[in-house]
Protein chains: 2
Amino acid sequence: MERRRVLEDDLGFLLTRASAMVVRSVNEALAPLGLRVRPYTVLSLACDEPSGVAQRRIAADMGLDPSQIVAIVDELENRNLVARTADPGDRRNKLVVATDEGRKLCDEARRLSEEVSDRHFAGVDPALLAEMRTVLGRMVFPESVNAAR
Amino acid sequence: MERRRVLEDDLGFLLTRASAMVVRSVNEALAPLGLRVRPYTVLSLACDEPSGVAQRRIAADMGLDPSQIVAIVDELENRNLVARTADPGDRRNKLVVATDEGRKLCDEARRLSEEVSDRHFAGVDPALLAEMRTVLGRMVFPESVNAAR
DNA sequence: TATTGTTATACTCTATAACTATA
DNA sequence: TATAGTTATAGAGTATAACAATA
């Protein structure tokens, strides 16, 4: 063989390639539901928080600029999957809350998305996968390293 | 805490977030060289193959469509970092070969890019990083699972 | 003065289809 | 007919700056 002498050991490159593969297949898997990865992620965050999530929070969790969340929430709201509700405590906030319809679709999407992940990581030692979750989780959410769960 | 109940365990999501972080900081690190991740990757592949790489090969290794390679090679060629040379064996192929200047810049870029990776994965057990490389490498290049190196 | 959501804009990346030249 | 590279185009994702409403 003796190709890819350097890139095959570059974790950044491998991460990029792997995530592109997963995103692609999740997008394909979610297409029948009319969802793509990013709207699904927003919907999922809304579903995880019964009282709703502020758009800033969504942006922070997804690593995006708040301005990029607007159109995604617009789309989900137009489809009646989430609703923007006023935060009584701080009227600058708009809390994004999932509707019943949104929750149903999210459950379905989650199932499909997990199926895709399982397929990609089939045959990998579950303990190793757990360690990868920990490493990547700490990298992505450094503030919650020792947070109680 | 008790947020992100589901996404924090979603390897696809973590992979996407982590790779976005790395790509962003590698792009920043390479900016002084006038490179971004993708041109750097193409240059790197060209440097790894003294006799040159076919554009199809580059596309396959990067998981892109061959049409997306054209503009990147154009740019590198305009900067005299690579040259397109005719493949004597099959004149349909254009082998992308790195120039001396390209090799010098690639070495520099590699150094900067490794620095970024080291920073992101500082404190992680090297053995675990090696296992992650193996898992992701198999996922990305399934054809070379048992390839001799 | 600072922060939340919003609008607007420019750029990069992704995905396809169709063309040409060689095989 | 099949394959390598190319062109063109549309859509999705990324990155900033600036604005109105609220704190």
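Keep in mind it's a predicted model, so treat the numbers as computed, not measured. Proteins get letters first, then strands, A, B, ... in listed order; numbering begins at 1 in each.
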### Any side-chain heavy-atom pair of A/V22 and B/M139 under 4.5 Å
yes

### Summary
Testing D/dG13, C/dT6, D/dT6 for proximity to the side chain of A/K94, the answer is C/dT6

Can you give me every donor-acceptor pair (side chain of residues 123-136 of chain B, partner residue at least two apart or in another chain, under 3.5 Å) with its distance?
unit_1 : atom_1 : unit_2 : atom_2 : d
B/D125 : OD1    : B/A127 : N      : 3.2
B/R133 : NE     : A/D9   : O      : 2.8
B/T134 : OG1    : B/A130 : O      : 3.0

### Query
Is any NZ, NE, NH1 or NH2 atom of the basic residue among A/D61 and A/R57 found under 4.0 Å from an Asp or Glu carboxylate oxygen of the other?
yes

### Message
Between A/E101 and A/K104, does any NZ, NE, NH1 or NH2 come within less than 4.0 Å of an OD or OE carboxylate oxygen?
### Response
no

### Message
Short of 4.0 Å, heavy atom to strand atom, which residues of residues 63-77 of chain A count as contacting DNA chain D?
### Response
A/L64, A/D65, A/S67, A/Q68

### Query
Could you state the CD-P distance from A/Q55 to C/dT7, rounded to the nearest angstrom?
10 Å

### Task
Using a strict cut-off of less than 4.0 Å between a Lys/Arg side-chain nitrogen and an Asp/Glu carboxylate oxygen, indicate whether B/R111 and B/E115 qualify as a salt bridge.
yes

#### Entry: 5' priority, DNA chain D, between A/V23 and A/R91 [closest heavy atom]
A/V23

### Summary
To the nearest angstrom, the CE-C1' distance between B/M62 and C/dC13 comes to 11 Å

### Query
Can you check the B/N27 CG to D/dG13 C1' distance for me, whole Å?
13 Å

#### Entry: Nearest non-hydrogen partners of B/D10 and A/S117, listed with the distance
OD1-OG, 4.2 Å

### Query
Just to confirm, is there a sub-4.0 Å distance from OP1 or OP2 of D/dG11 to any side-chain nitrogen or oxygen of A/R36?
no

### Test item: B/T41 side-chain N/O and B/V37 main-chain N/O as donor-acceptor pair under 3.5 Å
yes

### Task
Rounded off to whole Å, could you give me the CZ-to-C1' distance for the B/R57 and D/dG5 pair?
16 Å

### Query
So, B/R110 side chain and A/V6 main chain: donor-acceptor pair closer than 3.5 Å or not?
no

Report, one pair per line, the protein and nucleotides 1-3 of chain D atoms (nitrogen or oxygen only) whose separation is under 3.5 Å.
unit_1 : atom_1 : unit_2 : atom_2 : d
D/dT3  : O4'    : B/R92  : NH1    : 3.4
D/dT3  : O2     : B/R92  : NH1    : 3.1

#### Entry: Side-chain touch A/L95/A/D90, heavy atoms, less than 4.5 angstrom
no

### Task
Please report, rounded to the nearest Å, how far the C1' atom of D/dA23 is from the CG atom of A/D87.
12 Å

### Query
How is B/A54 classified with respect to the nucleic acid when contacts are heavy atoms under 4.0 Å: base, sugar-phosphate, or nothing?
sugar-phosphate

### Task
Could you check A/L95 against A/R24 and say which one's nearest nucleotide on DNA chain C is further toward the 5' end?
A/L95

### Task
Specify the separation, in whole Å, of atom CZ of B/R84 and atom P of D/dG5.
9 Å

### Message
Rounding to an integer number of Å, can you tell me how far A/L35 CG sits from D/dA12 C1'?
### Response
15 Å

